[in-house]
Amino acid sequence: MMILGKLPPFFLSCLLLTIIFIVFILCSPNPFNPISKSDLHQTLALPNSTSHGDDDDEILKCDLFMGEWVPDLQGSLYTNWSCSTIPTSKNCFHHGRKDTEFLKWRWKPHQCQLPRFDPKTFLEFVQGKKLGFIGDSVARNHMDSLLCLLSMIETPVDHYKDSEDRQRVWYFPGHDFTLMILWTKFLVDGEERVINGSSSGIFDLHLHKIDKKWTTDLPVLDYIIISDAHWFFRTIYLHNDTGVVGCVYCDHPNVTDFGVGFALRMAFRSALNHINRCRECKARVTLVRTFSPAHFENGAWDTGGRCNRTSPFSEREIKLTSNEWELRSLQMEEIEKANIEGNKKGTKFAALDVTRAMLMRPDGHPGEFWGNKWMDGYNDCVHWCLPGPIDAWNDFLFEVLRRKVT
């Protein structure tokens, strides 16, 4: 019998490699089975798993909206070329944006892991239901984000579009799910003054009358997401059933300027009261998405303001004494009032409290990359790129809906 020590080095090396290979074969469940894309996705997403399981208690006790943006190598679940429904003005890469770092951040609550949005589970959750976004173009921005995420699982049918592409209805036949945007400037009735045949930029707002553009379809909705704010930053005369009671930015000697906050509060109060008192409505959950801040720097939208940052702010860099935070706070107060009345009737109200998180995201707006030939030289620092930070709103959406429905 030969002694191993007397074997030539070449044969000894081959023997050792053979033994290692045999051990590998015996100990591996299937060493020749390559890692699939889904397995890789699950491996990368493990810390942000969509499974609730044993973490239910932790998540339910967690304040989802107190947190920070942390690096996320996985990035967006979709791209601007994989989602065909992105409006061109939000398709920032199509219009020349080159940096991608703004996609590589994920919202992390201080006390828990916020599950990553799972479009398959969401569609199963809302099967047979109708979900409506009520609000302005930022509400539409949110709906388009959700539409892109859900389109990863099922291609929706474009069911309806009005002449201005403001009212939209999408249908997912495989899940009998309808997604719509009910567009409204102010939630309440408002019209622009026409002077010498031209639009004046001055609005009359009737705080005691609801805008019928969204109330007509309200009874068919199972879930409501209502939001508004940016249209209130202009000259507005406020009316009740007796006439003008005040204004916003009017500089009129005989009319009290109550400010944006007052007008926004009264509009939300009227809208939420209408939802609460709608006898033919079947919606049992209404979510109010709080104010989404703009990030103009070095000027306003019409004086050269820009938003060309490429990374988030930290918590230390935002101001919770700002006007944006004041608007968020009054919205939270109106939600609480509506909830008190709703509890008597079995209706539920809750907040998608995105303001803090979005104050930290000056990097997520289209800025100069929005392709509006009629507004050349102006920057869009109000809306959000798709894909982009706004996709986190759907992480919030699913978790808050889950809390309220189950």
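Note that the numbering runs from 1 along the sequence shown for the chain. These numbers come from the heavy atoms of this one structure, side chains and all, not from hydrogens, waters or symmetry mates.
- The neighbour count for D158 CG, taken as heavy atoms of other residues, nucleotides or ligands under 6.0 Å away, is above 12.
- Under a 4.0 Å N-O distance rule, the pair R106/D395 qualifies as a salt bridge.
- When all heavy atoms of W214 and L182 are compared, the pair lying nearest together is O-CD1, 3.6 Å.
- Taking a cutoff of 4.0 Å between a charged side-chain nitrogen and a carboxylate oxygen, E333 and K337 do not qualify as a salt bridge.
- Ionic pairing of E124 and K120 is present here: one or more N-O contacts between side-chain nitrogen and carboxylate oxygen are shorter than 4.0 angstrom.
- For H94 and F369, the gap between ring centers reaches or exceeds 6.0 Å.
- Residue pairs meeting the salt bridge (Lys or Arg N to Asp or Glu O under 4.0 Å) criterion with at least one partner in residues 298-308, sequence neighbours excluded, are R306-E368.
- Residue I195 places its CD1 atom among more than 12 non-hydrogen atoms of other residues, nucleotides or ligands, all under 6.0 Å distant.
- Between D380 and K90 there is no salt bridge, since no side-chain N of the basic residue sits under 4.0 Å from a carboxylate O of the acidic one.
- Taking a cutoff of 4.0 Å between a charged side-chain nitrogen and a carboxylate oxygen, D118 and R116 do not qualify as a salt bridge.
- Atom CZ of F125 has more than 12 heavy atoms from other residues, nucleotides or ligands within 6.0 Å.
- Side chain of W107 to backbone of L64: a donor-acceptor contact under 3.5 angstrom is found.
- In this structure, L221 and D217 have side chains that are not in contact, with every pair of non-hydrogen atoms separated by 4.5 Å or more.
- The environment of CG in D241 is crowded: more than 12 heavy-atom neighbours from other residues, nucleotides or ligands sit within 6.0 Å.
- Taking a 6.0 Å sphere around NE2 of H159, one finds it holds 12 or fewer heavy atoms contributed by other residues, nucleotides or ligands.
- K404 pairs by the side chain to side chain contact (heavy atoms under 4.5 Å, CB included) definition with V285, N339, K348, A350, not counting sequence neighbours.
- For the side chain to side chain contact (heavy atoms under 4.5 Å, CB included) test, residues two or more places apart in sequence or in another chain that qualify with I318 are F313, L320, R356, L359, M360.
- Residues N394 and S145 have side chains that bring a donor and an acceptor to within less than 3.5 angstrom of each other.
- Using a 4.5 Å cut-off on side-chain heavy atoms (C-beta onward), H175 and F122 make no contact.
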